[in-house]
A.B. asks: 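One structure, pasted below without further comment.
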Amino acid sequence: MVFASRLARLVAFGILITVLASFIAYSSFGTSEDAVSYQYKYRPLRMGTQIQIEVVRSDGTRIGVANCSLGFPAYYEVVDSGLGVATVCYGVVTASHCGYVGNRVYQNATGTDNYIGYMRDEGRLGLGEEVLNANMLSDSTFITVECYTYNVGNPRPRPQIVSGIIHASTSVVISGYISSEQDLWQAYQNQIVLYKSGRTTGLEAGRLMLCNGYNIACQNPTVNYSFLFNAYCWYGDSGGSVYRLIVYREVSYAIVFGITVGFSEYDCSRDALGVQLCRPTAAAILYNITADLKITPYSG
């Protein structure tokens with residue numbers, strides 16, 4: 001998504017957050033072939049892969065098609081106690097700046113066979129980076145994929161979406177999510193490697209950074225609450241999952257931290273040894289996302 005307003009916002013982001021004043025080295029764990037795999041069509045859905053959104057404003061103006069990435073799976077539930085029934089809706093999270101409420105979402109490309117759902121929530125930011133809902137803390141929206149109605153007291157129907165992230169061309173099970181800012185602090189203190197997956201750069205890795213030298217959770221007037229980590233991103237990676245990888249008894253699991261929401265790719269270079277140097281990625285904190293959208297992360 002190449003938009004001048006987005007670039008202007010990111011430049012302002014770099015000014016507002018002083019840690020962006022210095023270059024950060026990052027390590028790439030992905031390959032060019034791996035990045036291509038994130039653009040494939042996956043059924044059931046796998047997080048981190050390409051989605052395309054038919055962007056239409058509330059006034060009916062069609063802007064075009066935006067490329068973004070699937071975040072993490074989640075659900076919400078509505079109970080009608082009078083009728084004794086409940087409706088559960090499953091879906092996935094992505095960045096709200098990928099489009100507008102009601103927009104149709106496809107995986108991997110537009111077309112009847114690829115349609116998966118619609119953007120349920122207005123979100124904090126729109127495609128042009130205008131603030132749509134200043135009360136929201138995160139640049140996020142929920143894509144409603146499937147809904148089921150069932151009798152209260154019966155088991156909740158299981159979804160067809162899968163709780164998995166594409167990691168180096170392999171589907172890794174999501175086994176948990178961060179639950180507090182303390183989780184971010186511990187990850188920073190322990191120098192834990194985090195990954196991001198997205199349709200443009202595929203798999204990249206980095207570590208958490210302090211915002212303004214002392215905060216883990218950053219805040220500025222546009223993107224509001226987020227965190228920084230020095231993994232490389234590019235247009236189209238927005239909405240992709242940010243996670244930690246854990247290997248237990250030779251099986252890999254993902255712990256989700258949030259979604260990719262912004263990056264400063266315009267200021268990259270290489271050092272004398274050829275190591276890529278870029279400003280760090282910005283990501284939305286998961287516990288703000290779930291509170292904003294009133295959803296529950298899904299593991300299964």
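If you're wondering where the values come from, they're calculated on a predicted model, not measured in any experiment. Index from 1, following the sequence.
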A.B. asks: Where do Y100 and I63 come nearest, in terms of heavy atoms and distance?
C.D. replies: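 Between these two residues, the closest heavy atoms are CE1-CD1, 4.1 Å.
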A.B. asks: Between S252 and L245, what is the shortest heavy-atom contact and its length?
C.D. replies: CB-CD1, 4.1 Å
A.B. asks: Under 4.0 Å between a side-chain nitrogen and a carboxylate oxygen: does that hold for R199 and D237?
C.D. replies: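 Result for this pair is no, no salt bridge flagged.
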A.B. asks: Anything under 30° is parallel, anything over 60° is perpendicular, the rest tilted; go ahead and classify Y90 against Y148.
C.D. replies: perpendicular
A.B. asks: Does K294 reach the side chain of F142, with side-chain heavy atoms less than 4.5 Å apart?
C.D. replies: no
A.B. asks: Are the side chain of N103 and the backbone N or O of V56 linked by a donor-acceptor pair below 3.5 Å?
C.D. replies: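 Judged by distance alone, yes, a pair lies under 3.5 Å.
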A.B. asks: Indicate yes or no for a side-chain donor-acceptor contact from D183 to the backbone of S180 under 3.5 Å, with no hydrogens or angles considered.
C.D. replies: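 Indeed, once roles are kept as given, a pair shorter than 3.5 Å links the two residues.
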A.B. asks: Would you say the side chain of V193 lies within less than 4.5 Å of the side chain of R244, judging by non-hydrogen atoms?
C.D. replies: no
A.B. asks: Can you tell if the side chain of T87 reaches within under 4.5 Å of the side chain of V79, non-hydrogen atoms only?
C.D. replies: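 A side-chain contact under 4.5 Å is absent here.
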A.B. asks: Does K196 use its side chain to pair, donor to acceptor, with the backbone of G202 at less than 3.5 Å?
C.D. replies: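 Yes, the answer is positive, given that a donor and an acceptor are paired below the 3.5 Å cut-off.
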A.B. asks: For N215 and C211, indicate whether the former's side chain and the latter's backbone hold a donor-acceptor pair under 3.5 Å.
C.D. replies: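 No; zero donor-acceptor contacts below 3.5 Å.
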A.B. asks: Spell out, as yes or no, whether a donor-acceptor pair under 3.5 Å connects the side chain of Q107 to the backbone of Y40.
C.D. replies: yes
A.B. asks: Using every non-hydrogen atom in the two residues, find where L293 and R120 come nearest and quote the distance to one decimal.
C.D. replies: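 Looks like O-NH2, 2.6 Å.
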A.B. asks: Contact between L228 and C218 at the side-chain level, heavy atoms closer than 4.5 Å - yes or no?
C.D. replies: yes
A.B. asks: Run the ring-centre check on Y243 versus F257 and record whether the distance is less than 6.0 Å.
C.D. replies: no
A.B. asks: Tell me if a side-chain donor or acceptor on Q191 pairs with a main-chain N or O of Y188 at a distance below 3.5 Å.
C.D. replies: yes
A.B. asks: Is the shortest distance from a Lys or Arg side-chain nitrogen in E122 or R57 to a carboxylate oxygen in the other one below 4.0 Å?
C.D. replies: no
A.B. asks: So which heavy atom on R46 is nearest to which on L70, and how close?
C.D. replies: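 Looks like O-CD1, 3.5 Å.
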A.B. asks: Between N230 and L208, does a side chain to side chain contact (heavy atoms under 4.5 Å, CB included) hold up when you go through it step by step?
C.D. replies: CA-CA 7 Å; N230 55 345; L208 284 174; over 6 Å; no
A.B. asks: Of the non-hydrogen atoms in S96 and D139, which two are nearest, and what is the gap between them?
C.D. replies: OG-OD1, 2.7 Å
A.B. asks: Please confirm whether the backbone N or O of I166 pairs with a side-chain atom of Y38, one donor and one acceptor, at under 3.5 Å?
C.D. replies: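 Side chain of Y38 to backbone of I166, a donor-acceptor pair under 3.5 Å: yes, one is there.
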A.B. asks: Are T112 and N114 packed together at the side-chain level, in the sense that at least one heavy-atom pair is separated by less than 4.5 angstrom?
C.D. replies: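 Contact flag for T112/N114 side chains = no.
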A.B. asks: Check whether any side-chain heavy atom of V162 sits under 4.5 Å from a side-chain heavy atom of R43, and report yes or no.
C.D. replies: no
A.B. asks: With distance as the sole test, does D121 use its side chain to make a donor-acceptor pair with the main-chain N or O of G123 at under 3.5 Å?
C.D. replies: no
A.B. asks: Answer yes or no: is there a donor N or O on one side and an acceptor on the other, between the side chain of T141 and the main chain of T94, under 3.5 Å?
C.D. replies: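 The answer is no, because no donor-acceptor pair under 3.5 Å joins these two groups.
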A.B. asks: Just wondering, do S37 and Y42 contact through their side chains at under 4.5 Å, heavy atoms?
C.D. replies: yes
A.B. asks: Which heavy-atom pair separates I165 from S241 by the least distance, and what is that distance?
C.D. replies: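 What the structure gives for the nearest pair is CD1-CB, 3.9 Å.
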A.B. asks: Where the side chain of Q52 meets the backbone of T110, is there a donor-acceptor pair that is under 3.5 Å apart?
C.D. replies: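 Yes; at least one donor-acceptor contact below 3.5 Å.
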A.B. asks: For T49 and N108, what are the C-alpha separation, side-chain angles and deciding distance, and is it a side chain to side chain contact (heavy atoms under 4.5 Å, CB included)?
C.D. replies: CA-CA 8 Å; T49 56; N108 58 337; over 6 Å; no
